[in-house]
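Notes for the one structure printed next.
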There are 2 protein chains.
Amino acid sequence: MTLTPRNITDTELALLRLLWKDGRSTIRQLTDQMYPEGGHSEYATVQSLLDRLEGKSCVRRERDGRVNVFTATVTRSELVARRLRETADALCDGSLAPLLSQLVRVSDPTPEEADALQGLVDRLETAGSSGKEEA
Amino acid sequence: MTLTPRNITDTELALLRLLWKDGRSTIRQLTDQMYPEGGHSEYATVQSLLDRLEGKSCVRRERDGRVNVFTATVTRSELVARRLRETADALCDGSLAPLLSQLVRVSDPTPEEADALQGLVDRLETAGSSGKEEA
DNA sequence: GGCATCCTCAGGCGGTTTGTCTTAGTTCAA
DNA sequence: TTGAACTAAGACAAACCGCCTGAGGATGCC
């Protein structure tokens, strides 16, 4: 069963990127960008990738006249969140704190990144006092 | 070629976890933990997994008498760092900042986590002024 | 109508990965 | 010498991934 949204391939991700950038798109529009000079086979390739992305609940298919129009149903942020969670589960017993630690240690951050991080902290401190239940 | 250390499987990760926990281990010791009641075939399975981990430069094999003793050559932190970097490359054009943002937003952080984050920021600000080249 | 063009859909192919297992050979101790 | 352990080499099915073929169906132009 496809209960678990499986991993998303780099090629599939390229498609998602286009959908994020352009919004609703037809296979033709996507193919033209992924494979300029592409013919029928490349078109079918994109269609296969979209089929699989649909199976992974990452895109939605809509009929518009006689063509299918595709839309991304996951955001970049959701995918980032998912991958972070997976990493935490796989490597840190579900705890996100080590990720954060490692992220900062590894990032060799620029001063601007340090600033951004500080901003996150500020926002986190105010948000942290609002909604929370349990986990 | 295996220039890029490929992705590490969940099953392989289970082995790495044992190596991190126990340090140097024989196949027998690992098999006993991963597959209690396991026989010859399970032993061979573990051996295959270790072979592949060695190919991925994650463990080192050492001869001790007539048995092989395996040691992890990557730390949990290194793997975490690697996965974070991969996520940033795949989804955020290589920038780690969105990861951090999402991490904080998703983590539904406790006040202690907020404190920890603050601590990281403090450490980051002092470390940020040391080594840096470009990016 | 006849034809070309574009779209859709079903399905398959070759290569790789992954977890598992078989077989055979080596080493050592009772 | 027998047997129990270890090692090594290789195979296997299943799944996944990117790609492609082929057969239709609708549309539009002459």
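Please read all numbers here as calculations on a predicted model, not as lab measurements. To find a chain, count down the sequence lines: A is the first, B the second, and so on, and within it residues start at 1.
- Separating the CG atom of Asp64(B) from the P atom of dC6(D) is a distance of 13 Å, rounded to the nearest angstrom.
- Using a 4.0 Å heavy-atom cutoff across all strands shown, Asn68(B) reaches sugar-phosphate atoms only and no base atom.
- A donor-acceptor contact shorter than 3.5 Å is absent between the side chain of Thr26(B) and the backbone of Val69(B).
- Taking atom CD of residue Glu54(A) and atom C1' of nucleotide dC9(C), one finds them 12 Å apart after rounding to whole Å.
- In this structure, the CG atom of Leu50(A) is 15 Å from the P atom of dC17(D), given to the nearest Å.
- One finds no side-chain N or O of Lys56(B) lying less than 4.0 angstrom from the OP1 or OP2 phosphate oxygen of dT17(C).
- To the nearest angstrom, P of dC16(D) lies 11 Å from CG of Asn7(A).
- Atom CG in Leu30(B) sits roughly 17 Å away from atom C1' in dT20(C) (whole-Å rounding).
- Applying the 4.0 Å criterion to OP1 and OP2 of dT5(C), one finds that Arg28(A) has every side-chain N and O outside that range.
- Applying the salt bridge (Lys or Arg N to Asp or Glu O under 4.0 Å) test to Arg17(A) and every residue at least two apart in sequence or in another chain returns Asp93(B).
- In this structure Arg61(B) satisfies the side-chain contact (heavy atoms from CB on, under 4.5 Å) test together with Asp51(B), Glu54(B), Asn68(B), Phe70(B), sequence neighbours excluded.
- Residues passing the side-chain contact (heavy atoms from CB on, under 4.5 Å) test with Thr75(B) are Ser77(B), Glu78(B), sequence neighbours excluded.
- Nearest-nucleotide positions on DNA chain D for Asp51(B) and Glu12(A) put Asp51(B) closer to the 5' end.
- Here Asp22(A) pairs with Ser25(A), Gln33(A) under the side-chain contact (heavy atoms from CB on, under 4.5 Å) rule; sequence neighbours left out.
- For dC9(C), the OP1/OP2 oxygens have a side-chain nitrogen or oxygen of Arg63(A) closer than 4.0 Å.
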Pair up each side-chain donor or acceptor in residues 37-48 of chain B with any protein partner under 3.5 Å, not counting sequence neighbours, and list the distances.
| residue | atom | partner | partner atom | Å |
| --- | --- | --- | --- | --- |
| Glu42(B) | OE1 | Gly39(B) | N | 2.8 |
| Thr45(B) | OG1 | Ser41(B) | O | 3.1 |

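- Between Tyr43(B) and the phosphate of dC21(C), there is no side-chain N or O to OP1/OP2 separation shorter than 4.0 Å.
- The interatomic distance linking Glu62(A) (CD) with dC7(C) (P) rounds to 18 Å, in whole Å.
- Whole-Å rounding puts the Gln47(B) CD to dT18(C) C1' distance at 16 Å.
- Comparing Arg61(A) and Gly65(B) against DNA chain C, the residue whose closest nucleotide sits nearer the 5' end is Arg61(A).
- Of the possible donor and acceptor atoms, one in the side chain of Trp20(B) sits under 3.5 Å from a partner among the backbone N and O of Val74(B).
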Nucleotide-resolved protein contact map, nucleotides 19-28 of chain D, B/S/- at heavy-atom distance under 4.0 Å:
BBBBB---S-
